[in-house]
Amino acid sequence: MKLNKLVQALALAGLSTQVFAQETTQQTDTSEADVKVERIRVTGSSIKRTALEGDLPITVFSRADINAAGITSAEQLLLQMNIAGNSSDNLASNGGIVSEEQRGNNGVSGANLRGQGSDATLVLLNGRRVATHGLKGRSVDLNSIPFAALERVEVLRDGASAVYGTDAIGGVINFITKKDYTGAEASAFVDHTEAGGGNIFRTNVLFGTGDINKDGWNVFGTLSYKKNEVLAGNDRDFSTTFQPNRGLSPDTRGTPFATVFNRGSSQANLIGTGLIDPLDGQSVTAINILDLPGAAGCETGGDLMGPYDHKLWNSESSRYACAYDYPAAARIQQPQESIDFIGRATFKLAESHIATLEFVASQVDVSKAFEPNQISPGSTFGPDAWYPSTGESYDAIYNALSGYFGADQLNYGERIAYRWRCIACGPREIDTTTKAYRFLAAFEGIIADWDYNIGISRASSESDSTLGTGYHYTAELQQVLGSGLINPFLLPGQSQSAAGMAALEGASAYGVKLYGGESIMTQIDATFSRELNFSLPGGNIMMAAGVDLRREEFKFNGDERAELRPVFNAPFDNANVLDKVSRDIKAVFAEVYFPILDNLDVTLASRYDKYDGFGSSTNPKLSFSYRPIEELMFRGAFSTGFKVPSFNQLFNGVTESQYTGLDLADPATCPGGVADENIAGCERIQPVEIFGGKEDLSPEESEQKSFGFVVVPVDYFNISIDWWEIERTDTIRSAPRDVLIENYDLFTANWIRNGQGDIVAIDRRYINSGGTLTRGIELDANLTGELAGGAWKVNLNGSYIDTFKSKGIDSLPYSENLVGEYVRYYNLPIKWKHTLNFSYAHGDWSHSLTQLYRDGYNDELPVSVRNESYVPSGWDPKVDTYVTYNYSVTYKGIDDLSMTFGIKNLFDEDPPFTAHQNDFAAGAGWEPRIADPRGRAYTLLVEYKFM
């Protein structure tokens with residue numbers, strides 16, 4: 001069948017590298033000649049077809065697209081992809097202390113389509129699954145993908161559980177490498193920031209020999225090395241939380257020059273239970289002498305110090321406290337080194353039979369570092385660790401306090417209880433090494449008119465995290481602190497004594513293994529497809545069927561030291577040790593393509609999965625394409641999906657985490673649970689929160705719907721618009737605190753009380769509860785033309801989120817629409833994202849100018865604004881839009897040589913300001929789920945072919 005006008009226009013527009021890889025109908029070329037086009041399997045379908053057939057919305061990024069954008073990793077590709085969600089999936093957004101769903105996220109970058117989460121987005125390598133990350137066991141680490149070896153990336157913007165099984169709710173990303181190669185080439189890439197820090201380097205070599213058609217075999221291999229240099233939080237001026245007039249100030253009184261604290265009446269200390277301010281009789285309990293009236297000021301106490309904003313945090317008792325900009329002390333870009341290899345051997349067994357052996361391996365080393373430990377006078381370090389009266393700064397602290405409050409309020413000779421940021425201890429560092437591999441043996445060909453593809457593979461991802469600087473054995477650290485050898489009251493320019501530093505070094509836990517884990521997947525799969533001897537008015541029926549047998553294994557080691565000496569604040573996870581749990585999955589699937597009419601196609605697919613321990617799940621899919629006229633095509637799909645619980649969600653042990661927020665009250669006596677010290681029953685509480693797995697969890701379920709059209713009114717312009725909806729039920733999550741508060745009567749048992757009736761803990765272990773509803777529209781438009789002997793093209797690709805609602809319980813109605821609102825932890829549902837690209841090619845030169853647009857949103861309310869106690873003068877509830885421009889030029893005028901020079905963030909645009917609370921999300925005054933903090937950067941890619 002010859003291509004119709006719509007197909008010809010799309011092909012001529014070059015849309016195989018944009019969103020229309022499958023938006024066309026039948027086969028032949030644009031010259032109207034009856035030339036056969038090779039049929040291949042494309043992402044989202046088991047039926048072999050041409051790249052111009054089908055009814056599935058697929059976005060394809062070619063190697064040329066990726067190079068022109070200066071993209072060096074899968075993580076960077078996802079950050080620029082409009083259909084990708086905005087969650088804590090990149091190394092910048094999980095660079096600090098992680099908890100809840102992000103725990104163990106050391107060094108992981110995840111794929112997240114349509115905001116459904118990295119564990120609901122299926123990642124494939126050459127059409128087959130790879131192992132999930134060794135520490136999480138839930139999602140694939142994109143850092144292990146051999147990115148330099150990619151030929152293209154196909155992104156299915158639709159649910160695909162009917163084809164691939166679990167996890168394919170948000171969509172599918174298929175990273176496709178070269179299939180064969182003859183010759184040799186090398187490339188080098190540098191991405192250098194103008195402001196310094198965060199530079200990226202990559203080099204790659206590729207070698208192959210053998211002609212599959214002439215010699216009957218081909219072997220090639222490629223080796224890549226990549227390095228990301230560190231970008232520290234204080235390397236960028238915008239990265240600061242000391243912006244109190246805008247509603248942002250760090251909530252900590254642990255400072256490099258220590259803040260003196262009170263204690264209870266039973267614990268003798270310098271200031272007792274607190275001091276009375278002679279100014280107005282207010283009791284103050286946290287005092288930094290640098291902030292007393294007439295003193296030098298908090299800023300003189302050291303880097304990243306400033307006044308504690310007691311009004312913002314509604315804490316008058318801390319009016320003379322100082323604060324420390326701990327979010328700015330974390331690394332923005334974690335230093336990363338990776339090396340990856342892919343080798344592939346292809347053999348022609350007969351004219352229609354090919355065997356392939358493929359081996360992919362990688363090692364990724366990532367180092368996250370965040371602020372030094374805070375030493376507090378609480379339960380971990382009792383009075384024996386407080387500053388003794390023999391300390392060299394004791395009298396200086398006493399004199400400053402007595403000079404303002406009066407000596408009669410002080411207990412001279414008693415130890416000083418304090419809160420201190422232990423700069424001398426060094427930043428807390430966690431180093432993670434992940435080693436991953438996949439071995440695949442595949443056979444494909446034709447038997448009795450059936451196309452077959454059979455594969456057996458084994459994949460593993462093994463990770464280990466170890467402690468770097470900043471961690472010390474608890475008992476030894478307490479002894480050092482209580483000895484007075486370490487002075488928490490030092491000003492800039494002053495140094496700890498040699499004896500003090502030697503004592504700290506002796507207490508160091510550097511090199512201690514934190515935990516490790518391994519995820520293993522063994523798979524046997526077979527797919528068969530052919531044209532049937534049954535025809536409809538539109539042509540022959542086509543079908544595919546197959547089987548998928550998998551074993552998934554996971555183990556988590558925890559702390560394996562023979563002597564389990566406690567390490568202060570080290571996030572060990574021994575409660576969640578899993579001794580190689582496993583499950584078997586058996587699946588069968590089928591897909592049938594019905595060409596009902598010349599202009600109407602319908603595809604039916606269904607898959608049956610049986611999981612050990614869960615029973616079975618059957619998921620169908622119906623899709624269609626309809627072309628009423630040559631210039632117009634309608635398409636749509638309906639499918640169901642499912643996602644099984646991860647091993648961690650099922651088998652994690654019980655862990656406890658102290659709630660440190662200042663905004664929580666007992667919901668039994670304070671409806672809404674918002675703390676307000678001025679209202680009886682709404683006093684602030686800080687209970688322990690309990691997390692862990694539950695073996696009775698059920699799989700999540702989902703429904704996906706989509707409908708859209710493609711129109712080509714003229715051969716130089718086309719546009720597509722697709723509406724989609726995803727509804728998820730029985731979602732698996734740690735019991736959300738807001739759900740437990742708003743539905744207190746239903747979850748009374750989750751609020752654990754002591755004998756006096758006070759809340760001491762909240763049970764937030766995993767549950768199946770409620771769901772989400774997300775709707776959106778995706779747009780792609782292309783305009784092409786010629787100018788001065790060259791060809792130009794304009795592409796607009798955008799994603800509009802219309803609806804994001806959630807409910808904590810199935811029986812409840814959905815929440816208000818959260819689109820454009822700040823959402824903690826998970827996906828940030830901004831309304832509109834687009835990429836506008838202009839490209840021009842003439843002779844050996846090609847140019848590309850791209851605008852990246854990210855819509856603004858309503859910011860998180862500061863605590864004082866939420867409880868209406870104080871509104872900062874410069875508070876703006878709206879986070880600005882974020883718009884950047886990238887430019888690149890490629891030259892290919894020298895034989896075998898290609899060079900691409902680029903400028904990222906052409907106008908050096910800073911990320912927009914946000915006042916989100918930093919205890920719950922990374923980013924000091926900016927949002928890493930949205931913005932790139934590196935600023936203007938210059939890129940150069942050089943590629944050379946040797947033969």
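Given the structure is predicted, the values throughout are model-derived calculations rather than measurements.
- Electrostatic pairing of Arg331 and Glu429 counts as a salt bridge here, judged by a charged N lying under 4.0 Å from a carboxylate O.
- Within a 6.0 Å radius of NZ in Lys179, other residues, nucleotides and ligands contribute more than 12 heavy atoms.
- A 4.5 Å side-chain heavy-atom check between Asp525 and Arg128 finds at least one atom pair inside the cut-off.
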Give the C-alpha distance, both sets of side-chain angles, the deciding distance and a yes or no for salt bridge (charged side-chain N to carboxylate O under 4.0 Å, His left out) between Arg934 and Glu194. CA-CA 9 Å; Arg934 298 172 68 244; Glu194 184 175 289; over 6 Å; no

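- No donor-acceptor pair under 3.5 Å is formed between the side chain of Ser139 and the backbone N or O of Ser118.
- Defined by atom type and a distance below 3.5 Å, a donor-acceptor pair is present between the side-chain atoms of Thr132 and Ser519.
- To the nearest 0.5 Å, atom CD of residue Glu462 and atom CG of residue Leu135 are 10.0 Å apart.
- Remark: Lys227 NZ is loosely packed, at most 12 non-hydrogen atoms of other residues, nucleotides or ligands lying under 6.0 Å away.
- Put simply, the side chain of Thr121 gets close to the backbone of Leu113: a donor and an acceptor are under 3.5 Å apart.
- The aromatic ring centres of Tyr887 and Tyr885 sit 6.0 Å or more apart.
- Residues Phe220 and Lys178 are in side-chain contact: their nearest non-hydrogen atoms beyond the backbone lie under 4.5 Å apart.
- Ring centers of His847 and Phe901: at least 6.0 Å apart, outside the cut-off.
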Chi angles and distances behind the side-chain contact (heavy atoms from CB on, under 4.5 Å) call for Val155, Phe61: CA-CA 8 Å; Val155 183; Phe61 296 90; 4.2 Å; yes

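- Using a distance-only test at 3.5 Å, with no hydrogens or angles considered, no donor-acceptor pair links the side chain of Thr784 to the main chain of Val794.
- Here the side chain of Thr469 pairs a donor or acceptor atom with the backbone of Pro427 at under 3.5 angstrom.
- Side-chain contact between Ser45 and Val163 is absent, with no heavy-atom pair separated by less than 4.5 Å.
- Using a 4.5 Å heavy-atom cutoff, the side chains of Asp896 and Phe946 are not in contact.
- In this structure, Tyr840 contributes its side chain and Leu849 its backbone to no donor-acceptor pair below 3.5 Å.
- Side-chain contact, Asn143 with Ser338: no donor N or O sits under 3.5 Å from an acceptor N or O.
- Side chain of Asp431 to main chain of Ser465: no donor-acceptor pair is present (N/O by atom type, distance under 3.5 Å, no hydrogens or angles).
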I would like to know whether Trp217 and Phe347 meet ring-ring contact (aromatic ring centres under 6.0 Å, His included); could you show each step before the answer? CA-CA 4 Å; Trp217 59 273; Phe347 305 94; 7.6 Å; no

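- In summary, Arg344 and Asp180 do not engage in a salt bridge, as defined by a charged side-chain N under 4.0 Å from a carboxylate O.
- Between Thr433 and the options Asp464, Asp365, Thr466, a side chain to side chain donor-acceptor pair (under 3.5 Å) holds for only Asp365.
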Is there a side-chain contact (heavy atoms from CB on, under 4.5 Å) between Asn86 and Lys833 once you walk through the steps? CA-CA 11 Å; Asn86 311 293; Lys833 300 164 65 175; 3.2 Å; yes

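- The OG atom of Ser799 sits 9.0 Å away from atom CZ of Arg854, with the distance rounded to the nearest 0.5 Å.
- Ser224 places no side-chain N or O within donor-acceptor distance of the main-chain N or O of Ala148, the cut-off being under 3.5 Å.
- Between atom CD1 of residue Ile456 and atom CG of residue Leu440 there is a gap of 9.5 Å, rounded to the nearest 0.5 Å.
- For Lys513, the NZ atom is densely surrounded, since the number of other residues' heavy atoms within 6.0 Å is greater than 12.
- Here Glu552 pairs with Arg550 in a salt bridge; the nearest charged N to carboxylate O distance falls below 4.0 Å.
- Here the side chains of Leu125 and Ile176 are not in contact, with every heavy-atom distance at 4.5 Å or above.
- You'll find the side chain of Thr177 reaches within 4.5 Å of the side chain of Asn126, heavy atoms only.
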When you look at Ile200 and His192, which way does the side-chain contact (heavy atoms from CB on, under 4.5 Å) test go after all the steps? CA-CA 7 Å; Ile200 301 172; His192 194 279; over 6 Å; no

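- For the atom pair Glu358 CD and Phe439 CZ, the distance stands at 9.5 Å (nearest 0.5 Å).
- Just one of Ser463, Ser109, Ser461 meets the side chain to side chain donor-acceptor pair (under 3.5 Å) condition when paired with His133; it is Ser463.
- Both the sub-6.0 Å distance and the 45° axial angle are not jointly satisfied by Arg438 relative to the ring of Phe341.
- Two residues are said to be in side-chain contact when any heavy atoms from C-beta on lie closer than 4.5 Å; Asp780 and Asn795 meet this criterion.
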Going through the checks in order, is the side-chain contact (heavy atoms from CB on, under 4.5 Å) test met by Phe147 and Ile71? CA-CA 10 Å; Phe147 198 75; Ile71 294 172; 3.8 Å; yes

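- With values rounded to the nearest 0.5 angstrom, Trp926 atom CH2 is found 6.0 Å from Phe238 atom CZ.
- Among all heavy-atom pairs drawn from Ala184 and Phe207, the shortest one is CB-CD1, 3.8 Å.
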Derivation and outcome, side-chain hydrogen bond (donor to acceptor under 3.5 Å, both in side chains), residues Thr522 and Arg458: CA-CA 4 Å; Thr522 306; Arg458 184 173 177 85; 2.8 Å; yes

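- In this structure, Tyr853 has its ring center under 6.0 Å from that of His834.
- Cation-pi check for Arg202 over Phe189 is met; the charged atom lies under 6.0 angstrom from the ring centroid and within 45 degrees of its normal.
- Side-chain N or O atoms of Asn218 include one that pairs as donor or acceptor with a backbone N or O of Tyr181 at under 3.5 Å.
- At distances below 3.5 Å, not a single donor-acceptor pair connects side-chain atoms of Asn797 with backbone N or O atoms of Thr835.
- A distance of 8.5 Å separates OG1 of Thr346 from CD of Glu444, quoted to the nearest 0.5 Å.
- Within the 3.5 Å criterion, the main-chain N or O of Pro335 finds no donor-acceptor partner in the side chain of Asn228.
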